[in-house]
Each structure stands twice: as C-alpha cells, then as structure tokens.
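What follows is a single structure, written as structure tokens, with notes after it.
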Amino acid sequence: MNDASSLGVHRLWKDTFVSELRPGRRGPIRCIDVAGGTGDIALRILDHARERYADREITVDVVDINAQMLKEGFRRFKKTMYHNTPQISFHEANAQELPADKFTDNSYDLYTIAFGIRNCTSIPAVLKEAYRVLKPGGTFACLEFSKVDNPLLSLAYDQYSFTMIPLLGTILTGDRASYQYLVESIRKFPPQAEFANMIRDAGFTTGKDVDGSAWENMWGGIACVHTGVKVA
Ligand SMILES: C[S@@+](CC[C@H](N)C(=O)[O-])C[C@H]1O[C@@H](n2cnc3c(N)ncnc32)[C@H](O)[C@@H]1O
C-alpha cells in the first residue's frame, strides 16, 4: 500500500527518517517501533547502528496490532543476520494501550512510528503511551503523510491521490476501498502545526513551529517527520 501511495518513495523517506535519528550513535539503546509490522523501520535502525557505529547491541521491539503484519515482518527478518538474536522481537499489541507489564514506564530511548499513527483511532492515546514508555530524555519520532503547503503541488498531489491511488489499488490488489480509505485518512490527519501541538500536549518538548524545527517536511509535506523529547 505504501508503494502505491508514494510510488515507492516511502523507502527514501524511511531511510532519511532513520538516518537522521542516528540510532546507535550513543552506544546501545533500546528502541520500540510501533505499528511496525513490516519490519521496515526496525531493519533500518539495526542496519544503521551496525553499519555506521558497529553497534550490535541496539535492540528494537516491533509492535503491531495486526498478527498478519507481524508475521510478514518476522518472515522478512528470518533472512537477515538479526534473526534469532536479542536485537529484534515482535509483539502484538495496541499502540493506544500497550500492556504496562510488558512495556514498562521509562524503558525506551527511542520510540518510532511510521505511517501508523494515522490508522489509530485516538492519536492522544498513542502519544500518551509513547510518553509513558520512553525514558526521560528519550525521543518520540513519527513519519506520516501530511499536508502539502505549495498550492500547485497540492493540486497535482490531490489529482494523483484521488484518481491514481484507488486505481492502482484496484489493479494491484483488487481492493479499491482500502486505497480510497488511505487517501481519505491522509486528508483527515491533523496538519503539521496541529500535530506538533498534540505532541506537546502529551508532554514532549519539540522544536519551534515558526523556525521550522518542530517538524521536517519531505517532498513539500507529502510526508513529514515530527519529533519530540520527553523532558528529563
Ligand atoms: C501502513 S502500515 C505501516 C507499517 C510500517 N510502519 C511501515 O512503515 O512499513 C500501518 C500499520 O499500523 C498498524 N496499526 C494500525 N492501528 C494500530 C494500533 N492501534 N496499534 C498498533 N498498530 C496499529 C497496522 O496493523 C499496520 O501494520
């Protein structure tokens, strides 16, 4: 689905998202990748830490509500060097209510969620849980489709979204409805400044809206990275 909606560009966005977080730079860290069933982000985190910093101690707990997605992620990891190592684990859970016995307070250094928060019914509940499980000083990072700021690009993107994406969905999977939902859910997701406020409301500190440091648009806002830090 990500391929159809971004023409494959989501891979580049994910590369940038992970490399800018520099996982592994400060030694072994504990990460949680929520709504991460495909393992796309987890694999990039582990690769980045190993390739850049020779870090083989960093760990990622992948969480997803959908057992099928987790199965897919697990299957992909089977082909990697991380399979059967303590560096990766898969868990079925709801981002809005992570089981507190398993995902304890103040336990992670990095929380990532890519193209997942939009699908959750309560964004504040997800943010509240992210804040709870992060250690003081830990980072929340979200990659999500967002609002295009340039009117010309916005027009072209709307044309593509409302005609091509459902069509591609029908051709690729025969499932037009899911792709129609995808386009509509992207439009309903709060724009950058509103989402940044929600992150602050959950207790995180972010950069400033005015100087462009609260979020980083990719491709004019088609996708966007928001980060927040849990105050120490
Ligand atoms: C578009 S996929 C993104 C997967 C992956 N992060 C990526 O970028 O390739 C959205 C994922 O969110 C998961 N999801 C939806 N609602 C969720 C929830 N409440 N808690 C955890 N995962 C959820 C879905 O099962 C799905 O795997």
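Start at 1 and go down the list; that is how both ligands and their atoms are numbered.
Comparing F145, F115, F17 by heavy-atom distance to atom 2 (S) of ligand 1, the nearest is F115. By heavy-atom distance, the residue among D33, I113, V63, D64 lying nearest atom 25 (O) of ligand 1 is D64.
Between G37 and ligand 1, no pair of N/O atoms sits closer than 3.5 Å. Checked by distance only, ligand 1 and A35 come closer than 3.5 Å through their nitrogen or oxygen atoms. For I65, a nitrogen or oxygen atom sits less than 3.5 Å from a nitrogen or oxygen atom of ligand 1, counting backbone and side chain alike. In terms of N/O distances under 3.5 Å, ligand 1 is not approached by I41.
Ring pair W215/H226 is tilted by interplanar angle, where 30° to 60° counts as tilted.
Ligand 1 places these atoms under 4.0 Å from at least one heavy atom of G36: 6 (N). Applying the 4.0 Å criterion to heavy atoms of C120 picks out, from ligand 1, the atoms 16 (N), 17 (C), 18 (C), 19 (N). Those atoms of ligand 1 that come under 4.0 Å of a heavy atom in A95, given as number and element, are 18 (C), 19 (N), 20 (N), 21 (C). Of all atoms in ligand 1, listed by their number and element, those nearer than 4.0 Å to a heavy atom of K14 are 7 (C), 8 (O), 9 (O).
Taking each heavy atom of R76 and D40 in turn, the nearest pair found is NH1-OD1, 2.6 Å. Contact detail for T206 and A196: the closest heavy-atom pair is CG2-O, 4.4 Å.
Side-chain contact annotation: T121 with Q96, donor-acceptor N/O pair under 3.5 Å present.
Under a 4.0 Å heavy-atom criterion, N94 is in contact with ligand 1. Using a 4.0 angstrom heavy-atom cutoff, A93 counts as in contact with ligand 1. Distances from ligand 1 to the non-hydrogen atoms of H10 include no value under 4.0 Å.
Residues I32, V34, V63, L98, F103, Y108, Y111, I113, I123, V126, L127, Y131, V133, L134, F140, F189, F195, M198, I199, F204, V231 make up the rest of the hydrophobic cluster containing I117, defined by ILVMFWY side-chain heavy atoms closer than 4.5 Å, directly or through other members.
A single hydrophobic cluster is not seen to contain both Y53 and V60; linkage of ILVMFWY side chains at heavy-atom distances under 4.5 Å, directly or through other members, places them apart.
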Discussion item. For E184 and Q180: C-alpha separation, side-chain torsions, deciding distance, then whether side chain to side chain donor-acceptor pair (under 3.5 Å) applies.
Written reply: CA-CA 6 Å; E184 283 161 15; Q180 189 69 39; 3.2 Å; yes
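For K147, the NZ atom is loosely surrounded, since the number of other residues' heavy atoms within 6.0 Å does not exceed 12. Heavy-atom contacts from other residues, nucleotides or ligands closer than 6.0 Å to NZ of K128 number 12 or fewer.
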